[in-house]
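Here the structure comes first, spelled out in structure tokens, and everything after it is commentary.
Atom set for the values below is all heavy atoms of this structure, side chains included, hydrogens, waters and symmetry mates excluded. One-based numbering along the sequence shown.
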Amino acid sequence: MNDADVPRQIQQMVRFIRQEAEEKANEISVSAEEEFNIEKLQLVEAEKKKIRQEYERKERQVEIRKKIEYSMQLNASRIKVLQAQDDVISSMKEAASKELLSVSHHHHLTLSHHDHVYRNLLKDLIIQCLLRLKEPSVLLRCRKDDLHLVEHVLDSAAQEYAGKANVEPPEIIVDNQVYLPPGPSHHNAHDIYCSGGVVLASLDGKIVCENTLDARLDVVFRKKLPEIRKQLFGQVVA
């Protein structure tokens with residue numbers, strides 16, 4: 001190789017090295033681009049997944065809130081319905097209580113047919129108490145307004161009880177110190193009242209038979225309440 005060939009050979013080597021370098025650089029660039037695209041795709045998919053998960057979480061929260069709100073509104077509606085039903089039943093019981101007053105209302109001066117009916121009812125209530133107590137001596141309390149009617153039927157009630165129970169007629173002591181409350185008054189509507197009837201107790205006070213008209217109304221209402229609800233509202237509410 002002469003001196004003229006040396007520069008040419010050097011130029012060829014330089015071109016070869018440059019070409020290899022450019023090819024290598026292109027390979028690196030392509031590889032880097034692919035890795036970048038793969039990593040970018042992975043990051044995008046990861047962000048999409050996070051967004052979907054966040055959306056699903058918020059969607060579940062919305063569904064839960066909707067269910068809670070629906071349940072609250074449903075319960076509120078049920079409470080309103082039950083309250084309305086209770087108001088109707090309370091009105092019925094109040095009306096029945098007012099009717100009881102017509103049963104026990106009587107005149108002091110003359111004994112009318114109505115008074116005879118109530119007097120016989122008092123006798124039956126006394127006999128029923130005696131049959132429950134089965135005591136030889138009992139204490140009886142009544143309203144002060146009913147005292148003359150009660151005294152009128154004491155002997156016949158004791159005799160009728162004795163015949164039914166096959167025992168000696170009991171001693172019935174009427175309490176002349178403590179009376180049952182009078183009937184309800186329009187002036188004091190919230191006072192304790194009694195619509196009529198009697199209360200009998202053993203002399204030691206351990207056994208009490210409350211046979212007032214109000215107590216019997218309470219018993220009937222408790223017993224008939226499912227039937228009343230069914231007839232009024234078409235269902236039995238426990």
Side-chain angles (χ1 to χ4, degrees), residues 21-104 125 128-129 132 180-197 199 206-238:
E22 288 176 355
E23 290 176 356
K24 193 65 175 177
N26 287 335
E27 289 179 3
I28 293 173
S29 178
V30 170
S31 178
E33 183 71 19
E34 289 178 352
E35 290 179 1
F36 169 76
N37 288 333
I38 292 172
E39 187 173 353
K40 182 176 70 173
L41 182 61
Q42 290 176 342
L43 290 173
V44 170
E45 289 300 322
E47 286 301 317
K48 286 182 179 179
K49 185 177 180 180
K50 286 174 62 177
I51 292 171
R52 283 196 297 269
Q53 289 175 342
E54 181 66 15
Y55 174 78
E56 290 172 356
R57 184 182 67 82
K58 290 183 178 179
E59 191 176 32
R60 286 194 298 271
Q61 288 180 341
V62 170
E63 288 298 321
I64 291 172
R65 283 198 296 268
K66 286 171 62 177
K67 289 179 180 179
I68 292 173
E69 183 67 23
Y70 173 77
S71 179
M72 290 175 63
Q73 291 180 359
L74 183 61
N75 287 336
S77 299
R78 285 174 176 169
I79 290 172
K80 287 182 180 179
V81 170
L82 291 175
Q83 184 61 54
Q85 292 179 357
D86 288 342
D87 291 343
V88 171
I89 291 174
S90 296
S91 298
M92 288 181 59
K93 188 174 181 182
E94 185 177 351
S97 296
K98 291 179 180 179
E99 288 296 323
L100 288 180
L101 295 177
S102 64
V103 174
S104 60
L125 294 174
Q128 189 177 58
C129 283
R132 290 181 181 177
L180 298 180
S185 168
H186 295 294
H187 302 290
N188 298 303
H190 299 291
D191 284 355
I192 298 175
Y193 66 89
C194 176
S195 300
V199 174
K206 291 183 179 180
I207 308 174
V208 178
C209 178
E210 187 176 356
N211 227 3
T212 63
L213 300 185
D214 307 286
R216 294 183 69 85
L217 178 62
D218 288 339
V219 170
V220 170
F221 249 80
R222 284 196 300 270
K223 184 178 179 180
K224 295 291 185 179
L225 187 56
E227 183 180 341
I228 293 172
R229 286 188 178 276
K230 186 176 181 180
Q231 290 184 358
L232 289 176
F233 314 118
Q235 60 181 347
V236 178
V237 180

Rounded at 0.5 Å granularity, tell me how far CG in Leu82 sits from CZ in Arg78.
9.0 Å
Ile64 and Ile68, any side-chain heavy atoms less than 4.5 Å apart
yes
Could you walk me through whether Ser71 and Asn75 pass the side chain to side chain contact (heavy atoms under 4.5 Å, CB included) test, one step at a time?
CA-CA 6 Å; Ser71 179; Asn75 287 336; 3.7 Å; yes
On a heavy-atom basis, the closest approach of Leu125 and Gly197 is CD1-CA, 3.8 Å
Can a salt bridge be assigned to the pair Arg229 and Asp86 using a cut-off of 4.0 Å between side-chain N and carboxylate O?
yes
With rounding to the nearest 0.5 Å, note down the distance linking NZ in Lys93 to CG in Asp214.
9.0 Å
Nearest 0.5 Å, what's the CD-NZ distance between Glu63 and Lys66?
4.5 Å
A quick test of your reading: do over 12 heavy atoms of other residues, nucleotides or ligands sit less than 6.0 Å from CD of Glu39?
no
Start with the C-alpha gap between Arg65 and Glu69, add the side-chain angles, then the distance that decides, and say whether side chain to side chain contact (heavy atoms under 4.5 Å, CB included) holds.
CA-CA 6 Å; Arg65 283 198 296 268; Glu69 183 67 23; over 6 Å; no
Quick one: CE on Met72 to CD1 on Ile79, what's the gap to the nearest 0.5 Å?
10.0 Å
Separation of Ser77 OG from Gln73 CD (nearest 0.5 Å):
7.0 Å
Intermediate values then yes/no, side chain to side chain contact (heavy atoms under 4.5 Å, CB included), Lys40 and Leu43
CA-CA 5 Å; Lys40 182 176 70 173; Leu43 290 173; 5.7 Å; no
Do the side chains of Arg57 and Glu54 get close enough for a salt bridge, i.e. N-O under 4.0 angstrom?
yes
Taking NZ, NE, NH1 and NH2 as the nitrogens, is one of them in Lys230 or Glu227 under 4.0 Å from a carboxylate oxygen of the other?
no
With side chains defined as the heavy atoms from C-beta onward, is the minimum distance between Glu35 and Ile38 less than 4.5 Å?
no
Kindly compute the distance separating CE (Met92) from NZ (Lys224), expressed to the nearest 0.5 Å.
12.0 Å
For Cys194 and Pro181 the tightest heavy-atom approach is CB-O, 3.1 Å
Of all heavy-atom pairs linking Ala96 and Phe221, the shortest is CB-CE1, 4.5 Å
Checking side-chain polar atoms at under 3.5 Å, does Gln83 have a donor or acceptor matched by the opposite partner on Asp87?
yes
